[in-house]
There are 2 protein chains.
Amino acid sequence: MQDEKSGRAPAGPVSMAQVARVAGVSQQTVSRVANGLPNVSERTRERVLLAMEELGFRPNFAGRSLRSGRYNSVGLALYNVEQFGNLGTIKGVLSAAGDVGCAVTTVEMDDRAPLSLAEATRRMAGLPIDALVISMSLKSDDFEDFVPQPGLSTVLLTMYEHPRCTTVDSDQYGCSTLLMDHLAARGHREVRFVGGPAYSVDSTFREKGWRDALAARGVDAAEPLRGDWTADSGYEAGAALAGDAAMTAVYAANDQMALGVVEALRDAGRRVPEDVSVVGVDDSLRDTVPHVGLTTVRFDLVARGRAAVEQALLGTAPSYRPRAIRIPPTLVERSSVAEARR
Amino acid sequence: MQDEKSGRAPAGPVSMAQVARVAGVSQQTVSRVANGLPNVSERTRERVLLAMEELGFRPNFAGRSLRSGRYNSVGLALYNVEQFGNLGTIKGVLSAAGDVGCAVTTVEMDDRAPLSLAEATRRMAGLPIDALVISMSLKSDDFEDFVPQPGLSTVLLTMYEHPRCTTVDSDQYGCSTLLMDHLAARGHREVRFVGGPAYSVDSTFREKGWRDALAARGVDAAEPLRGDWTADSGYEAGAALAGDAAMTAVYAANDQMALGVVEALRDAGRRVPEDVSVVGVDDSLRDTVPHVGLTTVRFDLVARGRAAVEQALLGTAPSYRPRAIRIPPTLVERSSVAEARR
DNA sequence: ACCGGGAATGAGTACGTTAACATTGTGCCT
DNA sequence: AGGCACAATGTTAACGTACTCATTCCCGGT
């Protein structure tokens, strides 16, 4: 049985040599046609293109990059794929890679494999990639010893800084400054904090930003509460906070918890924002809740992914020096913040 | 200046031949060590490993796969990356690929390039992949002519069926059956539908499921409303629906719109679920809204991604026959559905 | 002492591509 | 007419790996 579209039945992958034979030219001429080089006569080009079509030729990636030494692909090592924010980051990575004609080669680092940076790098080093972006929740001590693969430009998506790798992240500290300034400008001094789980690096940086902002204004930080990012855990925190008569504002480390806090405060008879102001982080409720009123902060996650890829590709140049890039957040002002009562 | 870790400064990528020279063995022996083959004496193995370490050897992907003809990678063509559900699907793709030691090579098909299936396949065909998964919003007519790249096992993530490619999707029709059965069992006959935008294929299938379910019970379908997936658009639809005295239930095509419908109905003085029952799709509010009460339907998106990769890899066997796989949803019963008034 | 056998290792080759160089053909200028 | 420039095409070599086969070496059995 023959392929109904072509006269010949191509068995397995088709090489340039086979196309050349059919077209009656040399293999080199096929290469020239495949790469759109100019020095081919129109007649020959057509003959070759026809033969390609007929045989179903597709260029062999391995042969091509063995010759060129380039892969036109960026590596992406992901841990915790389903975590909030990864989709935007992935979009940015794909988009920036696509801009320069690169694909993205991704590997999920799950719990089957060890999670160390060194291990992740080793696994990625054997893949067809020109540069590497690593997105993993990292403990600080992992950094001390880490040495990137020599000859493989590496960027880390993290708030920590590294002497030999560029690091890129949304500014998880700066978002607190932004929100606390916003609250302070409206007379809020006693601001409580509802964080994420203790192991969360992002939450830790947001908490530090909150703490420093209070300290800068000479306010003692009241004990922060801790949720698990869910709205229900925010509700619990809000219920616990409702009795605190001193505080005038609550800073929840994400919007879902902030929504829970608002609900709990209202259920406890405290009005938002008249009695208590509430702010969150992420702007994740925009399309999700009708008439969102939550004042929050938005990260440009796509820019985060884009920056990572751009730096990783820049890093292939020998003169490149590692740097730390922090994508600034923007304030999204809605109606959950009012002037503090005196 | 020398590399501080090794005696020699490796210039550029290191090949097996260079390692062999340093270790005083043949290139073939280095290959055996690199691949863990048994026929190497302990003494030689150690010498080679030492040389590898010293030079910073990493196996060349291109050479390896040129020889083997395999890439150990699955291609993923994505359109509309940030669309709901993609993160779970990506997780499933990565996870299933990782299970068999494969990476995932992804390209975003954005509006710079034409969106046709043929075009996407052509672009992916030159990448280092053994099989291909395509996730694009597809119009039905794209299918008629589409012929997958010969020799490249291809799976489409879509509800449409294709004679020559396996297609995989969450059952966007079956979710309606599930919800309508649930409502019917509680005496609901007049069920209104709030769909997504007209171009959405998913919404179209959900609407068809709703329509067929009504027809099966001899109920004339009242004109469906249309939102844009956001909670606010759901609110508008709910406000328009509130005056309909005949209906006893609303089926919104996603949870965010369903939440808007609930809010609007309550603002209009109709109780949920006592007066009107409301159901949604996706179970996307679970952690997002405190005390979610919405009855909805959950898709196993990870399973969707996993199935796509599994079928794509199975498709590399010559005896494989294309099929259509629909991942069934599960009902998530909460408190927005009650017995219909008589 | 000789031979057979198996383990360790090496030599040669092919995978598909592209760069560099070589060759042929064509037309134009002097 | 002779030669020169340039375009079109062909030839050769090399990229790094792993398969197949050949060789060497050592040991034990007779």
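Lettering follows sequence order; numbering is per chain, from 1.
- Side-chain contact between B/Arg164 and B/His162 is present, with heavy atoms from C-beta onward closer than 4.5 Å.
- Donor-acceptor pairing under 3.5 Å is lacking for the side chains of B/Arg323 and B/Thr166.
- Distances were taken from every side-chain heavy atom of A/Phe57 (C-beta onward) to each of D/dG16, D/dT9, C/dT17; the shortest belongs to C/dT17.
- The interatomic distance linking B/Arg21 (CZ) with D/dG16 (P) rounds to 11 Å, in whole Å.
- Remark: C1' of C/dG16 and CG of A/Asn60 are 5 Å apart, rounded to the nearest angstrom.
- Summarising the geometry of B/Cys165 relative to B/Pro322, their closest heavy-atom pair is C-CB, 3.7 Å, with the distance given to 0.1 Å.
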All N/O contacts under 3.5 Å from nucleotides 18-21 of chain C to the protein, with atom names and distances to one decimal?
| from | atom 1 | to | atom 2 | distance (Å) |
| --- | --- | --- | --- | --- |
| C/dT18 | OP1 | A/Asn35 | OD1 | 3.3 |
| C/dT18 | OP1 | A/Asn35 | ND2 | 3.1 |
| C/dT18 | OP1 | A/Arg64 | NE | 3.4 |
| C/dT18 | OP2 | A/Ser31 | OG | 2.8 |
| C/dT18 | O2 | A/Arg67 | NE | 2.6 |
| C/dT18 | O2 | A/Arg67 | NH2 | 3.3 |
| C/dT18 | O4 | A/Gln27 | OE1 | 3.3 |
| C/dA19 | O4' | A/Arg67 | NH2 | 2.9 |
| C/dA19 | N6 | A/Gln28 | NE2 | 2.7 |

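- Side chains of A/Ser65 and A/Ser68: a donor-acceptor N/O pair is absent below 3.5 angstrom, by distance only.
- Between A/Leu66 atom CG and D/dA14 atom P there is a gap of 14 Å when expressed in whole angstrom units.
- Among the heavy atoms of the strands, none lies under 4.0 Å from B/Ser65.
- The nearest whole Å value for the distance from the CZ atom in A/Arg43 to the C1' atom in D/dT9 is 13 Å.
- Between the side chains of B/Ser26 and B/Thr29, at least one donor N or O lies within less than 3.5 Å of an accepting N or O.
- Residues B/Thr105 and B/Leu76 fail the side-chain proximity criterion, which asks for heavy atoms closer than 4.5 Å.
- Note on B/Asn39: a base of the nucleic acid sits closer than 4.0 angstrom, heavy atoms only.
- Counting to the nearest Å, the C1' atom of C/dA8 and the CZ atom of B/Arg47 are 12 Å from each other.
- Looking at every heavy atom in both residues, B/Asn86 comes nearest to B/Val81 through ND2-O, 3.0 Å.
- Side-chain nitrogen and oxygen atoms of A/Thr29 include none within less than 4.0 Å of the OP1 or OP2 phosphate oxygen of D/dA8.
- For the pair A/Met52 CE and C/dT17 C1', the interatomic distance rounds to 12 Å; values are reported in whole Å.
- Closest-nucleotide positions on DNA chain C for A/Gly63 and B/Val40 were compared, and the one nearer the 5' end corresponds to B/Val40.
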